[in-house]
Amino acid sequence: MKVNLDQAEAILRRGGLIGLPTETVYGLAGDALNSDAVVSIFETKGRPAFNPLICHLHSAEAVRRFARTPPSFESLSTLWPGPLTILLPHNGSIPSIVTSGSDLCAFRVPSHPLALELLRRLDRPVAAPSANRSGRTSPVTAGMVEDQFPNLAVLDGGTCSVGLESTIVLCREDGVEILRPGRFASEDFEALGLAVHARSGGVHAPGMLLRHYAPSVPLVLLSPLDMPEPGETESEVTGRTAYLGFGGKSPDFAADEIWDLSPSGNLHEAARQLFFYFDRIAKSGVDTIVTELIPEQGIGIAVNDRLRRAADFAGRRNAGRILARKKKDHV
Ligand code: TXA
Ligand code: MG
């Protein structure tokens with residue numbers, strides 16, 4: 001069910017949930033200061049309680065009311081509003097169910113105009129994970145949200161312009177540690193004079209440990225390596241196969257359908273299309289999607305991160321390569 005801004009505001013004020021458009025992906029949003037609303041986010045999504053939620057606010061000034069901010073926050077927050085989530089020590093006023101009991105809370109100021117307007121009106125933190133059932137692809141249109149949650153009130157903000165979840169960073173005294181790749185990559189932080197630290201391993205985003213972003217049909221990621229590793233077994237790629245490529249490249253096997261994330265080789269376009277294409281290809285009735293990594297630079301790093309997770313990389317890469325080759329031999 002679609003709702004307008006006034007209705008969305010009223011639903012959030014009375015502790016209900018809405019589908020919230022942002023520039024990254026749609027969120028499943030509720031009042032972060034209302035524990036009942038937060039509980040229903042976890043229940044609706046089927047999300048484990050150890051996996052904390054991002055709090056969305058309308059400005060860096062508003063975030064300062066809830067967090068302690070190190071010196072680097074000053075320049076880091078110039079990337080707001082935008083596709084960036086910053087982990088900061090909170091001051092105790094965020095319910096522990098939101099942070100899964102952590103001293104850190106994830107904050108984000110989204111740039112989508114409808115989201116910003118709603119957050120300004122509410123002037124309180126709105127908790128929102130991506131509006132997908134746990135483990136599934138994040139929705140990038142209102143229709144994709146309704147597919148997963150038919151009874152949810154959705155504020156339709158069109159197609160998400162970034163198309164991948166925000167970059168998550170841990171804010172350190174002099175810089176950042178990148179916990180989840182997204183639209184902003186190392187060079188964007190360095191350009192602000194911030195240090196980009198290697199992962200210390202001390203803090204992680206629990207959601208990144210889970211199998212994730214899977215389309216509803218199996219995804220096989222072709223490995224750049226040709227040879228199987230000793231002892232590896234082949235898994236069967238059967239039925240109708242779609243090849244999801246990039247930059248106009250054609251597959252080196254016989255695919256039943258060919259899709260291209262960006263025929264012109266534009267990494268931003270590829271990011272914007274990824275989840276949308278997962279959804280469309282799955283609906284086209286194929287049995288398997290076969291895909292390859294794209295150039296590992298800028299937002300391409302984030303696209304590849306999602307592809308690896310969606311494909312369950314470790315188990316399948318060489319099997320994909322072998323079977324793809326076999327198919328070609330048969331042509
Ligand atoms: O672009 C986005 O970030 C979207 C839109 C709706 O804002 N939201 C989103 O939320 O992707 P979600 O819940 O699907 O992913 C948030 C990630 C999870 O991996 C979670 O573990 C991590 O952020 N996270 C949230 N709070 C955290 C915290 N306090 N400490 C460490 N990791 C946290
Ligand atoms: Mg998610």
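All residue numbers refer to positions in the sequence shown, counting from 1.
Nearest heavy-atom pair across Arg133 and Thr44 is NH1-O, 3.6 Å. In terms of heavy atoms, Leu104 sits closest to Pro89 at CD2-N, 3.6 Å. Across all non-hydrogen atoms, the minimal contact from Val25 to Ser138 is CG1-CB, 3.7 Å. Summarising the geometry of Ser72 relative to Cys171, their closest heavy-atom pair is OG-SG, 3.3 Å, with the distance given to 0.1 Å. Of all non-hydrogen atoms in Gln148 and Thr137, the two that sit nearest each other are NE2-O, 3.1 Å. Taking both residues in full, the closest heavy atoms of Gly19 and Leu152 are given as N-CD2, 3.6 Å, listed atom of the first, atom of the second, then distance.
Using a 4.5 Å heavy-atom cutoff, the side chains of Pro251 and Ile258 are in contact. In this structure, Arg47 and Pro129 have side chains that are in contact, with non-hydrogen atoms separated by less than 4.5 Å. Side-chain contact between Cys55 and Val98 is present, with heavy atoms from C-beta onward closer than 4.5 Å. Residues Phe278 and Val217 form no side-chain contact, since every pair of their non-hydrogen atoms from C-beta on lies 4.5 Å or further apart. Counting heavy atoms from C-beta on, the side chains of Asp156 and Thr141 never come closer than 4.5 Å. Residues Val63 and Leu88 meet the side-chain proximity criterion, which asks for heavy atoms closer than 4.5 Å. Between Lys283 and Asp147, the closest side-chain pair of non-hydrogen atoms falls below 4.5 Å. A heavy-atom distance below 4.5 Å is found between the side chains of Ile97 and Val39.
For Asp188 (side chain) and Ala185 (main-chain N/O), a donor-acceptor pair under 3.5 Å exists by modelled atom type. With Tyr26 contributing its side chain and Gly157 its backbone, the two residues share a donor-acceptor pair below 3.5 Å. A distance-only check finds a donor-acceptor pair linking the side chain of Asp260 to the backbone of Gly247 [under 3.5 Å]. When atom types are taken as modelled, the side chain of Gln7 and the backbone of Asn4 share a donor-acceptor pair closer than 3.5 angstrom. A donor-acceptor distance shorter than 3.5 angstrom exists from the side chain of Asn91 to the backbone of Arg65, with no hydrogens or angles considered. No donor-acceptor pair closer than 3.5 Å links the side chain of Arg306 to the backbone N or O of Ala310. Side-chain atoms of Thr167 never come within 3.5 Å of backbone atoms of Pro181 as a donor-acceptor pair (strictly under, hydrogens ignored). A donor-acceptor contact shorter than 3.5 Å links the side chain of Thr78 to the backbone of Ser75. The backbone N or O of Lys45 lies less than 3.5 Å from no partner atom in the side chain of Ser134, so there is not a single donor-acceptor pair.
Taking CD of Glu43 as the start and CG of Asp36 as the end, the distance is 9.5 Å to the nearest 0.5 Å. Note that CZ of Phe246 and CG of Leu307 are 11.0 Å apart. Values are rounded to the nearest 0.5 Å. Note that the CG atom of Asp279 and the CZ atom of Arg136 stand 11.0 Å from one another [nearest 0.5 Å]. Taken from OG1 in Thr22 to CG in Leu116, the straight-line distance is 10.5 Å, to the nearest 0.5 Å. Taking CG of Leu84 as the reference point, atom CG of Leu76 lies at 5.5 Å (rounded to 0.5 Å). Taken from CD1 in Ile281 to OG1 in Thr288, the straight-line distance is 12.0 Å, to the nearest 0.5 Å.
Ion pairing between Arg13 and Asp31 fails under the 4.0 Å rule for side-chain N and carboxylate O. Ion pairing of Arg121 with Asp6 is present here, as a side-chain N (NZ or NE/NH1/NH2) and a carboxylate O approach within less than 4.0 Å.
Every salt bridge (Lys or Arg N to Asp or Glu O under 4.0 Å) that Lys249 has, sequence neighbours left out, goes to Glu292. Shown here are the side chain to side chain donor-acceptor pair (under 3.5 Å) partners of Ser77, two or more places apart in sequence or in another chain: there are none.
Annotation for Glu257: atom CD counts as buried by contact number, over 12 foreign heavy atoms lying within 6.0 Å. The environment of CZ in Arg199 is crowded: more than 12 heavy-atom neighbours from other residues, nucleotides or ligands sit within 6.0 Å.
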Run the side chain to side chain contact (heavy atoms under 4.5 Å, CB included) test on Glu269 and Ser264 for me, step by step, so that the C-alpha distance in whole Å, both residues' side-chain angles and the decisive distance to 0.1 Å come before the verdict.
CA-CA 9 Å; Glu269 184 182 27; Ser264 67; 3.9 Å; yes
Output, in order, the C-alpha distance, side-chain angles, deciding distance and verdict of side chain to side chain contact (heavy atoms under 4.5 Å, CB included) for Leu17 and Ser40.
CA-CA 8 Å; Leu17 307 186; Ser40 63; 3.7 Å; yes
If you apply the rule salt bridge (Lys or Arg N to Asp or Glu O under 4.0 Å), what do you find for Arg124 with Glu9, and how did you get there?
CA-CA 12 Å; Arg124 53 202 277 128; Glu9 181 186 352; over 6 Å; no
Evaluate side chain to side chain contact (heavy atoms under 4.5 Å, CB included) for Leu293 paired with Arg308, printing each intermediate quantity in order.
CA-CA 8 Å; Leu293 297 180; Arg308 289 193 186 91; 3.5 Å; yes
Quick one: do Leu5 and Glu117 satisfy side chain to side chain contact (heavy atoms under 4.5 Å, CB included)? Show the steps, please.
CA-CA 8 Å; Leu5 204 55; Glu117 174 61 21; 3.3 Å; yes
Apply side-chain hydrogen bond (donor to acceptor under 3.5 Å, both in side chains) to His90 and Asp103, showing your working.
CA-CA 6 Å; His90 61 86; Asp103 297 338; 5.4 Å; no
Could you walk me through whether Asn304 and Glu296 satisfy the side-chain hydrogen bond (donor to acceptor under 3.5 Å, both in side chains) test, starting with their C-alpha distance in whole Å, then the side-chain angles of each, then the deciding distance to 0.1 Å, before giving a yes or no?
CA-CA 7 Å; Asn304 288 342; Glu296 184 83 5; 2.7 Å; yes
Decide yes or no on side-chain hydrogen bond (donor to acceptor under 3.5 Å, both in side chains) for Asn132 and Ser130, but give the supporting numbers first.
CA-CA 6 Å; Asn132 52 281; Ser130 50; 2.5 Å; yes
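Note: the hydrophobic cluster containing Leu57 also contains Ile86 (ILVMFWY, side chain heavy atoms under 4.5 Å, direct or indirect links). Criterion: ILVMFWY side-chain heavy atoms under 4.5 Å apart, direct or through other members. Under it, Leu164 and Val109 are not part of a common hydrophobic cluster. Val154 and Leu114 end up in different hydrophobic clusters when Ile, Leu, Val, Met, Phe, Trp and Tyr side chains are linked at under 4.5 Å. Both Trp259 and Leu219 are part of a single hydrophobic cluster, where members link through side-chain heavy atoms under 4.5 Å apart. Linking Ile, Leu, Val, Met, Phe, Trp and Tyr whenever their side-chain heavy atoms come within less than 4.5 Å puts Phe149 and Phe42 in one cluster.
There is a side-chain donor-acceptor pair under 3.5 Å between Ser166 and Thr85. Judged by distance alone, the side chains of Glu177 and Ser200 do bring a donor and an acceptor atom under 3.5 Å apart.
When each of His112, Arg108, Glu165, Arg183 is checked for a side chain to side chain donor-acceptor pair (under 3.5 Å) with Thr24, only Arg108 meets the rule.
Checked against a 6.0 Å centroid threshold, the rings of Phe73 and Trp80 count as neighbours.
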